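The shown structure was predicted, so the numbers you read here are calculated from the model rather than taken from an experiment. Sequential numbering from 1 along the given sequence is applied to the chain's residues.
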Amino acid sequence: MKNIATKWFALMALVFGAAITACSDFEPTDLPKEVPSLAKVSNLTATPVGHNIELSWTLPNAKGIEGLILTHNAVASSAVELPADATSYTVVGQPMAEEHLYTVKVKYEGDFVSEGVSVNAVLPKEELPDVTNLTASVEGRKVTLAWTLPTAEGITAVNVIRGDNGEVTPLAADATGCVLEKQPVDSKVTYTVKVIYDTYYPSEGTSVEATIPFIATKIGFMLLADTPADLPDDDERAAAAWFAAQEGTEMVKPSQLAALDADIVPVLWIMVDRVGLPVGWKNLPSELVADDVIAALKEYSANGGSLYLSNMATQLTVPLGFVPDNMAPTVFGSGNGGSGDDVWTINAYLGWDFRDGSDQGFYDRTAHAIFKDLVFEDPNSYGYNSLPLIGPGQREDHNCLWDCNIYGKGNQPDVIRNFEVTTNSMVLATWGHVRDHCVAGLVEFYANAEHGKCVANGFAAYEWNQNSGTNPYQHNLEQLTSNILNYLK
């Protein structure tokens, strides 16, 4: 019986990472006990066929055979289980010009195995054809690459690698060019195109240089009034005033969105925080949710623009396509708030109670770039450090975030991971006192073919003007904002 690889062995190689795969979901922690007297396979051979290694063997004439176990390089964790009648196996993804060892053992009733029979395999080195006629043209921060594909069989993908940071852009097998948005200004960048053969094997690559000119970029703030002073809420006025005082910023009105160039304004901050506002994105200010404005925001995002949605504006993740319609923020408040003696913090240790081992995950997000230069503390004696955003006094309880328990955990270890997988995101923080996975309050949504990056911050603790006086943690709030805006550039 022939077996063809379908599951990863842990073997990474070359730029794209190659892997050897197997045919079952067998993942042993301990291999069965080896018994020297049990009959072994014979005539084990390894033959390169194209880019694969064909293993074959003869089964022993013995009773009680339950299956076979194949290991790679004598590593127990690489083991895969094969059916009892298997006499061959196809290994895909073995790196070229490297010797690898494969061992086959016969598994018998009673959880015993024979001694292993091993064979070495080397996939010959092959010079794989590269693209030709590679060119690069530059328009603003946009680099357009074009090339001619080789007339060769087995092409399964094309990778474009940006030299300054190693970022890989994967393309289809028939791609003869691509457009790269938001490239680094005032720099000379090398782009390398590699042709991928049979999924795992890259060509050496062909390179071209492109010089991106200096372009003075700005960060935008969506102004929902004639001037910042005309905004209807004290928190919106405070945020807009702080933003306007920063260098390299620009106020953007909804009527200007259609002409907004993501190369010039690569980040747009949209903030809504108003007492009495009903829940639901269609209840946001009418000038923000008009059809033409939503369409312009979608186009801006699709062109590579990044969005920072804060407070009640996190609800825009629905019409802008970052979350499906049934995953709008459900934890919402717009009342007058009240007074309290504690400190409102946000917690970047997701699943703190599961850090020492559990079927649920523990996710430490404190190293993320948006937390740079911020000091985590424990002002409320939670037993772990979190990030204080607003101190004791009068506070508006204006949360607009996600209760992840609603969506369940699906096939994931916990509800946070299920939220991330479902929405192509990373949850960066929950409420400061939360030790499990119930709430996603600060989320990074990754870019895809339909939209650019987005960070959504729906914490009530993210209040720009504390009504009862000076917020002792205002610096943290401002530094977090600066970090988010700079990260999204």
Side-chain angles (χ1 to χ4, degrees), residues 222 224 254 257-258 260 262 267-274 276-335 350 397-431 434 436-460 462 484 488:
M222 180 72 84
L224 303 177
L257 277 176
L260 196 63
V267 184
L268 180 64
W269 179 10
I270 304 176
M271 177 195 184
V272 178
D273 188 3
R274 302 183 182 183
L277 196 72
V279 66
W281 73 266
K282 292 183 180 180
N283 294 316
L284 290 168
S286 58
E287 61 270 35
L288 180 59
V289 297
D291 289 346
D292 60 332
V293 173
I294 294 296
L297 283 172
K298 284 185 174 180
E299 184 175 1
Y300 169 77
S301 179
N303 289 335
S306 297
L307 295 172
Y308 176 37
L309 307 177
S310 76
N311 307 92
M312 297 167 183
T314 60
Q315 297 174 107
L316 288 174
T317 53
V318 175
L320 298 182
F322 294 99
V323 301
D325 291 346
N326 65 343
M327 293 186 73
T330 55
V331 181
F332 182 87
S334 62
L350 306 176
D397 197 8
H398 290 182
N399 286 297
C400 189
L401 39 75
W402 289 269
D403 178 357
C404 294
N405 288 326
I406 293 175
Y407 317 114
K409 68 176 186 177
N411 295 322
Q412 306 304 319
D414 50 67
V415 297
I416 284 289
R417 187 65 190 128
N418 181 63
F419 180 89
E420 293 176 332
V421 170
T422 304
T423 62
N424 189 32
S425 68
M426 178 186 290
V427 179
L428 299 175
T430 185
W431 281 326
V434 169
D436 57 16
H437 300 112
C438 66
V439 168
L442 182 56
V443 183
E444 175 185 355
F445 296 96
Y446 299 125
N448 62 21
E450 304 297 325
H451 57 68
K453 290 192 296 186
C454 172
V455 170
N457 181 357
F459 284 116
Y462 189 74
I484 292 171
L488 289 171

Legend entry - Between CZ on residue F419 and CG on residue D403, distance to nearest 0.5 Å: 10.5 Å

Legend entry - Side chain to side chain, K453 and E444, heavy atoms closer than 4.5 Å: yes

Let me check something: any side-chain donor-acceptor pairs from residues 279-299 under 3.5 Å, sequence neighbours excluded? List them with distances.
unit_1: N283; atom_1: ND2; unit_2: V279; atom_2: O; d: 2.6
unit_1: K298; atom_1: NZ; unit_2: P319; atom_2: O; d: 3.4

Inset, instruction - Working to the nearest 0.5 Å, report the span between SG of C454 and CG of L316. - result: 9.0 Å

Inset, instruction - Report yes or no: does T430 contribute a side-chain atom to a donor-acceptor pair with the main-chain N or O of L350 at less than 3.5 Å? - result: no

Inset, instruction - Would you mind reporting whether Y407 and V415 have side-chain heavy atoms less than 4.5 Å apart? - result: no

Inset, instruction - Please report the shortest heavy-atom distance between C438 and N405, naming the atom on each side. - result: CB-ND2, 3.4 Å

Legend entry - Beyond-backbone contact of Y300 with L257, side-chain heavy atoms, under 4.5 angstrom: no

Legend entry - Heavy-atom check, side chain of T317 versus side chain of W402, under 4.5 Å: yes

Legend entry - Heavy-atom pair with the smallest gap, counting every atom of A429 and F459: O-CZ, 3.5 Å

Legend entry - Aromatic plane relationship, F322 with H451 - under 30° parallel, 30 to 60° tilted, over 60° perpendicular: tilted

Donor-acceptor pairs under 3.5 angstrom involving side-chain atoms of residues 304-314: please list them, not counting sequence neighbours.
unit_1: S306; atom_1: OG; unit_2: K182; atom_2: NZ; d: 3.2
unit_1: S306; atom_1: OG; unit_2: L488; atom_2: O; d: 2.9
unit_1: Y308; atom_1: OH; unit_2: N457; atom_2: ND2; d: 3.2
unit_1: Y308; atom_1: OH; unit_2: Y462; atom_2: OH; d: 3.0
unit_1: S310; atom_1: OG; unit_2: W269; atom_2: NE1; d: 3.0
unit_1: N311; atom_1: ND2; unit_2: Y462; atom_2: O; d: 2.9
unit_1: T314; atom_1: OG1; unit_2: N311; atom_2: O; d: 3.2
unit_1: T314; atom_1: OG1; unit_2: C400; atom_2: O; d: 2.8

Inset, instruction - Not counting sequence neighbours, which residues clear side chain to side chain contact (heavy atoms under 4.5 Å, CB included) with A460? List them please. - result: W344, D397, N399

Inset, instruction - Would you check if the side chain of N418 reaches a backbone N or O of G408 as a donor-acceptor pair within less than 3.5 Å? - result: yes

Legend entry - Atom of L268, atom of M222 and distance for their closest heavy-atom approach: CD1-N, 3.9 Å

Inset, instruction - Check whether any side-chain heavy atom of M426 sits under 4.5 Å from a side-chain heavy atom of L428, and report yes or no. - result: yes

